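In this text the structure is predicted, and so the values were computed from the model without any measurement. Residue numbers begin at 1 in each chain, while the letters A, B, ... track the order of the sequences.
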Amino acid sequence: MGYALSVKTDDAALLTALREATDSNSAAANEFVRKHQKFVYSTALRYLKSSDDAYDAVQDVFIKALKSIHNFRGDSSITTWLYRITINVCSGMKRKEKVRQFVGLDIVEELEPDRGVTPAQTTENNDFKARFDALLEQLPAKQRETFMMRYYDELSYEEISKILGTSVGGLKANYFQAVKKLAHLLKEQQP
Amino acid sequence: MIPTISTNDLSFSDKPLPLLSHEETEHLLPDYAFGKLTDVETKQFENALLQYPELAHDLEVIQHSFVFVSENTIALDRAQTQRLKNLTVHIQQRIQSANERRTKFLGFFRVMVPVCTVAAAVLVLAVPNRVSDYLFNRTGTENALTIHPEDVKDLTNGDDAAVAQSLKETDVLFNTGAATLDVSASEDLAAEKIAAQAAKRMLPKETLAVVAMNTSAFQDYFDDSSASDAMTDADATAVALAMSRKNGIN
């Protein structure tokens, strides 16, 4: 999950390659998608609560982004830009009632069976995830969103600040409070 | 993944770092717990933590509680990687199919635009009078010269106040036109014709409708503006007479 921290170093080169590419089916386009797909997917999943809908949304987001890459002025980071597109796409999907379920914070993404992981472990992971999502619901919205972006998406405070419109200092305080509260809730749940 | 720390095992660099405040230490705590700090920040944090034992306790709880969260996150990450492995292929397929649809759409217009242009040109060349009448007379200004029978019918059959007012105003305008005609007209038939045509151009549609109603013989002239150009001298005189009669000039 360390992709977000490495993006910034070669963003400019990738943007140049994308703008110079005459075909959207270019190596640069594929690299662009691979580099940001997890962030876009996890953001869409948080809003849509359905892995299938999130997957559709991710495709829409990248198609829009690749189409309008020439209009990207670089005022914000690519991550911030993609986040805004993702939220717009997801909002559109919700409006059109394409989404079957979006009430609550439960992310219904189930961990698929993985090689090297026993079915029992997969079940245990899914159970834990459901419980953890329920704990996340207990956080105030701002703390929850900050935690998601910082912990799961690994965005910098500056990027989150641009997205949420909160000061970096405020975000750090939110993150600390969110982590502390979750830790205590987790501790209470332990046998 | 998560670094562990013992307060008895803190190392310090030779160069003293500025001591962090309680708030600053709090802000760094989660990133320290999840191994996201730089070396310098780590040293600063560890240095400051000695001053704040309550934060050291929070750190211990967080590190212990998040062990399973971290493992679960790795599993989730693996699942997402699996889910997204064909994403680029699907995106390229959708872009390609969208391009194909656009190509078909543009292809359709590439054929239809020339066909429609040729058809329009043929229409203009084949029936120039009809087209020019339609374009320049029928859809002209409010004071259109062409009067159609249905316009007259609509005007005279109406019984609401707006129509009555329009007719009243029409009469005034008609009288004005007739007076002009009276001044302009002379014994000369050519001058009468010019005056009649001038009156026709000057008077609004409603006035002409009244004229057309009262003098059905001239209906054709008002139905087809091009006919007014070919107005005979006798008809022009009759129009002038009709207007003069209406105005009591006779």
Region of B/L87 that comes under 4.5 Å of a non-hydrogen atom in chain A: both

With only heavy atoms counted, which part of B/V89 is less than 4.5 Å from chain A, the side chain, the backbone, both or neither? neither

Between A/F132 and chain B, which part of the residue has a heavy atom less than 4.5 Å away: side chain, backbone, both or neither? side chain

Is A/F32 close to chain B through its backbone or its side chain, or both, or neither, when contacts mean heavy atoms under 4.5 Å? neither

Whether the B/E26 and B/Y52 side chains hold a donor-acceptor pair (N or O, under 3.5 Å, no angle test) is what I'd like checked. no

For side-chain contact (heavy atoms from CB on, under 4.5 Å), just list the numbers for A/F62 and A/Q37, CA-CA rounded to whole Å, side-chain angles, deciding distance to a tenth of an Å, and then say yes or no. CA-CA 9 Å; A/F62 281 111; A/Q37 61 184 15; 4.3 Å; yes

Hey, are A/R150 and B/D31 close enough for a salt bridge, meaning a charged N less than 4.0 Å from a carboxylate O? yes

Check this for me: A/K181, atom NZ, are more than 12 non-hydrogen atoms of other residues, nucleotides or ligands nearer than 6.0 Å? yes

